[in-house]
Every structure is written in structure tokens, then in C-alpha cells.
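Working notes, beginning with the structure itself.
Letters A, B, ... mirror the listed sequences (proteins, then strands); counts begin at 1.
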Number of protein chains: 2
Amino acid sequence: MKISAQEEYGLRCLVQLANLGAGETLTLPQIAEREGISVAHAGKLLWLLNRAGFVNSTRGPKGGYFLSRPASEIRLNEIIKVLDEDVLSSHCESYTGVLEKCVHTGDCGIRPVIVGLHELVEHALGQVTLAALVDNEEKVDAMFHQIEGMVKRAQPRGLGQ
Amino acid sequence: MKISAQEEYGLRCLVQLANLGAGETLTLPQIAEREGISVAHAGKLLWLLNRAGFVNSTRGPKGGYFLSRPASEIRLNEIIKVLDEDVLSSHCESYTGVLEKCVHTGDCGIRPVIVGLHELVEHALGQVTLAALVDNEEKVDAMFHQIEGMVKRAQPRGLGQ
DNA sequence: TCAAATCCTTACTTTTTCGTCAAGATTGCG
DNA sequence: CGCAATCTTGACGAAAAAGTAAGGATTTGA
């Protein structure tokens, strides 16, 4: 199970922009340098994010990229959906997306697991905004530990063995 | 974020074997046919699972594959770890695995998210055994909805915006 | 002992993802 | 205007993942 390169570095680029003050922008070379990737690579990522409506840009001298919405209104699940196709995707063509009914024979037991994971990840990412990532690193950290604690106490019913 | 083909189809093969009665086996052509993949492909997956100690096999006529441990002692997180490298992996070389300290400059806010996701997924998969997949489809389903419900009630503290 | 059934292993091909390159378009400034 | 800084776009190449092919090894049973 993997976070794709596009997801990871696209998210990093957005974090850079979320750190800017009002009216500030970052150029491709600046973003590339800070993330340790090539300018061309950054260019492609920012182009994707632009097309998806997360960032805007101005060309020419003094130009650059900036968020097109407040960081507090951008949630991680939206970002991941745009950089990949879904929050969590699987291969079996019997799924339409991940959530539709499986056409495999009745003894396919893995569907509920994939659906469950999808919901878990989707929901967790939906709780985190870009702003939270920038401003409240400790709080995000605390939140995840809180969730983890809840999950730990939640389950030992119905399974066991 | 993606479930790799190896993870998905490897898991499916194990589910097939977990459905067997004592002393029964399945041959590669049988497994391949049931999952809609080529025999060669099934062969590679079963070889991985064999090497990892989840299945055993006998050769010759009447041979085939079978689980080397009871399905109730095999948890999904172990399986995923073997079929890929980890339950959830990321790209940044600054992580050693996902859980070590990030070497990026201090303003890298995404580390806690990756670590949090890792723990979430790891823990969820650790709750599900192969046996549960086969025998208790409804119970697994119910469990995930239970976890999801807990997570939903758990978080709105510390983030909000 | 031979033949058929079966797994085992390595090498290869295809597809997808990742990343680069280069030419083009737009803007600001002297 | 004309140059330089900047983003935009599509084509290309490299690397990784997915899947295929084929010959070898082992076992059973007649």
C-alpha cells in the first residue's frame, strides 16, 4: 500500500504555498529548490494543482504561484483525490470505484476490507486541512494519536480469532 | 493511494486456500481460473506466499497448495507487509521507513499525517484474520462500520478549521 | 522405469508511473 | 519595442511494477 510520488510531492508543494503571507508568491525554482526536486518536476505538479483549482499563478517577472483558496478550506482528501484518482484505489475491475458491488463470485471475502479501508482513510484525511498542517503540527499529531487510541479501544467485538 | 496488484491478488489467493477443508489442496490452474488471472501469474504470487511462509505445496500429481498455518492465525497486516514492503510506504528518502524522524527542514508538516495514516492502516489490518474474511463476512463489515463510527465521534477537538 | 502432473526458477516483455526536456505563451520593465 | 522572467504544454526517456514464457525439478502411479 503506497502513497504515490505525485500525492506526496504535490502535497509538499501545497504546504510550501500555505506557508506564504498574503500577497506573496513562490516561483517554480523556489519550490523545486525547497523540495529537492527538479524545476520541470515541480512545474508538472503545480500544473496539476492549478488545473484542479487549488493554486493560481501569474506569469512574467514577479510572477509565481499562490493558493487559490484559504488553506483552512482545503482538506487532504480532496488533494489526494485530485493527484490520484481516488483516496484509495484497488485493481479488481469488478469494482466500480471501490464502493460498488463486487461482481466476483460470492466467496470473495476481501471486498468489505477494501471498502472499510477506503472509508477509514477517506475519513481520516477529511479531518485534516492544509492550514492545520502548517500551523498546528502538534495538534495534528495529537489528533492522530487520539484517533488511534479510539480505534484501539473500539474493536475487540465480533472478531477475536 | 493504492493497493498494489500483488497485495490484492495475493490476498485473493490466500482466501481461496483458506476456504479449503482439511487435507484439500488447490493447483495453480485452479487458483488462476477462480481469480481470472493467468497460471503464470498465479504461480508467481503463490511462490511469494510460499517463500514468506504462508503456504506450503506438494509437487507431482495430486499436488497443490495449502495454508501452512491456520487461517485464524494469519492477519492481514502480515500479508500486506510480505507482498509489499510495508503496510503503507512513502517516497521521501528522508524517512527511514515511515516512522523515523524526518530530515526535511523543520517546516515539513506532512510527516505526522503519513505516520498517522500508517498507524491507522496497520492497526485496522491487524484486527482482521484470514479466517474472519472467510467465515464472518458480515462481522468484518460490521467491525469496520464500528471503527468508522468511533473515528467519527473521536476527532472534532483541536482542529476544527 | 517412464510418463504425466505438478511446482520452481529465471529471464523476458509489456504497461504504468515517474521524471525530463524543449519549445511556446504571457507578462513586466526599461 | 524588446528582453528577461515566468508559467504552459506536449513529447519524450527512464525506471519500476505487472505480467508472461519456458525450461527444470519433483512426485505419483502404472
For [N], take OP1 and OP2 only and decide whether either is under 4.0 Å from a side-chain N or O of [X].
X	N	answer
A/S57	D/dT8	yes
A/N50	D/dT8	yes
B/S38	D/dG19	no
A/W47	D/dC7	no

Please give, in whole Å, the distance from [N] [atom2] to [X] [atom1]?
X	N	atom1	atom2	value
A/N56	C/dT27	CG	P	13 Å
A/R59	C/dA23	CZ	C1'	13 Å
B/L28	D/dG19	CG	P	16 Å
A/L49	D/dT8	CG	C1'	14 Å
A/R51	D/dG10	CZ	C1'	13 Å
A/D84	C/dT17	CG	C1'	10 Å

Any base atoms under 4.0 Å from A/G64, or only sugar-phosphate, or nothing? Heavy atoms, all strands.
sugar-phosphate
Is B/L45 touching bases, backbone alone, or none of the nucleic acid, heavy atoms closer than 4.0 Å?
nothing
Go through B/C13 and B/L46 one step at a time and tell me if the side-chain contact (heavy atoms from CB on, under 4.5 Å) criterion holds.
CA-CA 8 Å; B/C13 292; B/L46 270 293; 3.8 Å; yes
Indicate yes or no: at least one non-hydrogen side-chain atom of [X] is less than 4.5 angstrom from one of [Y].
X	Y	value
A/L17	A/I31	yes
A/L28	A/Y65	yes
B/E35	B/L45	no

Which of these nucleotides, [options], is closest to any side-chain atom of [X]?
X	options	answer
A/A5	D/dC7, C/dC18, C/dC8	C/dC18
B/A40	D/dT8, C/dC7, D/dT20	D/dT20
B/Y65	D/dC7, C/dT6, C/dC8	C/dC8
A/P61	C/dG19, D/dA5, D/dT8	D/dA5
A/K44	C/dG19, D/dC7, D/dT9	C/dG19

Can you find an N or O donor on one side and an acceptor on the other, under 3.5 Å apart, linking the side chain of B/K62 with the base of D/dG29?
no
Check this for me: does any side-chain nitrogen of one of A/E122 and A/K81 sit under 4.0 Å from a carboxylate oxygen of the other?
yes
Need to verify one output field. Residue with the more 5' nearest nucleotide on DNA chain D, A/P29 or A/K2?
A/P29
